[in-house]
Amino acid sequence: MKFFALSLAAVCTLAQAADVAAPDAAIAAQRAQERSAIAQQRAAITQQQAQNEAVCRQRFAVEDCLIEVRQQARTALAPLRARELELNSQERQERSQARQRAIAAKQAQVPAPMPLQTHTRRAAEQPDAQATERDVQAHERAQRQSARQASHAERTEREQQAEAQRRQQATQDWQDKHERAQARRERAQRNASERRGQPLPVPEGASPPEK
């Protein structure tokens, strides 16, 4: 029985559009539109899951049916979550690039020194060379610091996402295990009820009770 037949065509189309070179504002708008499409897909899957679970509760093997429905819902939600993680990664890269551009623009605003007269240029050449070297070194340090901060932020976010996924998977595994155990208990209770409804076996050599 197939419960979910939702298509991600709209999301994929928006994903392709977001990859085309465009101004930052247009990219942000496309990404927001794609997130909205993902939210609509997720809401539709969740609604369908609730309807399917309601159908399951009218059946004999309730727990087995619920496990199947929830597994299919997770399968349908997986590509949506993967695309959200990809969008988050793109935004992190854009923020890192924007910070680096801001640093470069700020450094470019430093006014160039006024030209010196011939008789003072020679005396100032050595200090100017040292100052230029210091500026270059400061610029390199700032770039390295910015790169380290961006790398640390990305690594932290990846670790947080991995931990969230691990906790979610652990919770789901526990729920599945609990549901399977409940299904086994229900089957055992049904079997016991059926056995209690049958007449006791007659011992070998004994006469059956008179009617």
Side-chain angles (χ1 to χ4, degrees), residues 1-19 27-99 148-195:
M1 176 176 55
K2 187 175 182 59
F3 292 101
F4 296 96
L6 296 174
S7 171
L8 298 179
V11 176
C12 294
T13 300
L14 291 172
Q16 294 173 356
D19 293 334
I27 293 177
Q30 291 171 349
R31 189 172 290 125
Q33 186 178 2
E34 184 174 356
R35 288 187 184 279
S36 177
I38 290 174
Q40 292 176 2
Q41 291 279 348
R42 179 177 287 110
I45 293 171
T46 302
Q47 182 180 5
Q48 185 65 49
Q49 179 184 355
Q51 295 174 357
N52 294 337
E53 289 183 357
V55 173
C56 285
R57 291 186 176 90
Q58 300 175 2
R59 299 189 172 190
F60 181 74
V62 177
E63 294 300 328
D64 292 343
C65 182
L66 290 176
I67 291 174
E68 181 183 358
V69 166
R70 290 165 185 171
Q71 179 59 43
Q72 291 176 353
R74 287 194 297 271
T75 301
L77 290 171
L80 299 180
R81 179 55 180 164
R83 182 54 187 165
E84 281 183 331
L85 294 177
E86 185 178 353
L87 292 175
N88 293 340
S89 177
Q90 292 175 0
E91 290 177 346
R92 287 196 306 271
Q93 292 177 359
E94 290 174 1
R95 288 195 297 267
S96 176
Q97 293 172 357
R99 285 194 296 268
R148 284 195 296 270
Q149 291 175 348
S151 176
H152 176 72
E154 292 178 3
R155 183 170 61 254
T156 299
E157 186 165 353
R158 286 196 302 269
E159 291 174 353
Q160 291 174 348
Q161 291 175 349
E163 178 62 19
Q165 291 177 343
R166 186 193 65 77
R167 289 196 299 268
Q168 181 180 6
Q169 185 61 45
T171 301
Q172 190 59 56
D173 291 343
W174 181 88
Q175 290 177 349
D176 291 345
K177 182 178 179 181
H178 176 74
E179 291 170 357
R180 288 193 295 269
Q182 181 65 24
R184 288 194 297 269
R185 286 194 295 270
E186 291 182 357
R187 285 195 295 267
Q189 291 174 357
R190 287 195 298 269
N191 294 336
S193 298
E194 293 173 356
R195 286 195 297 271

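Quantities reported herein were computed from a predicted structural model and do not represent experimental measurements.
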Reported CD1-to-OG1 distance for the pair Ile45 and Thr75, which is rounded to 0.5 angstrom: 10.0 Å

Arg83 and Gln41, any side-chain heavy atoms less than 4.5 Å apart: no

Spacing of CG belonging to Asn88 relative to CD belonging to Gln93, to within rounding of 0.5 Å: 11.5 Å

Euclidean distance, Gln48 CD relative to Gln72 CD, rounded to 0.5 Å: 10.0 Å

Stepwise side chain to side chain donor-acceptor pair (under 3.5 Å) check, Glu53 with Gln49: CA-CA 6 Å; Glu53 289 183 357; Gln49 179 184 355; 3.1 Å; yes

Donor-acceptor contact below 3.5 Å, side chain Ser89 vs main chain Leu85: no

For Val62 against Cys56, the heavy-atom pair lying closest together: CG2-O, 3.8 Å

Stepwise salt bridge (Lys or Arg N to Asp or Glu O under 4.0 Å) check, Glu34 with Arg31: CA-CA 5 Å; Glu34 184 174 356; Arg31 189 172 290 125; over 6 Å; no

Ser96 vs Arg92 side-chain heavy atoms within contact, under 4.5 Å: no

Side chain to side chain contact (heavy atoms under 4.5 Å, CB included) between Glu84 and Leu80, intermediate numbers included: CA-CA 6 Å; Glu84 281 183 331; Leu80 299 180; 5.8 Å; no

Interatomic spacing from CZ in Arg167 to CD in Glu163 - rounded to 0.5 Å: 4.5 Å

Side chain to side chain, Ile27 and Glu94, heavy atoms closer than 4.5 Å: yes

Whether Thr46 side chain and Arg42 backbone form a donor-acceptor pair below 3.5 Å: yes

Asp173 side chain near Gln169 side chain, heavy-atom distance below 4.5 Å: yes

By salt bridge (charged side-chain N to carboxylate O under 4.0 Å, His left out) - contacts of Arg184 (at least two apart): none

4.5 Å side-chain heavy-atom contact, Val55 and Val69: no

Ion pair check, Arg59 and Glu68, cut-off under 4.0 Å: no

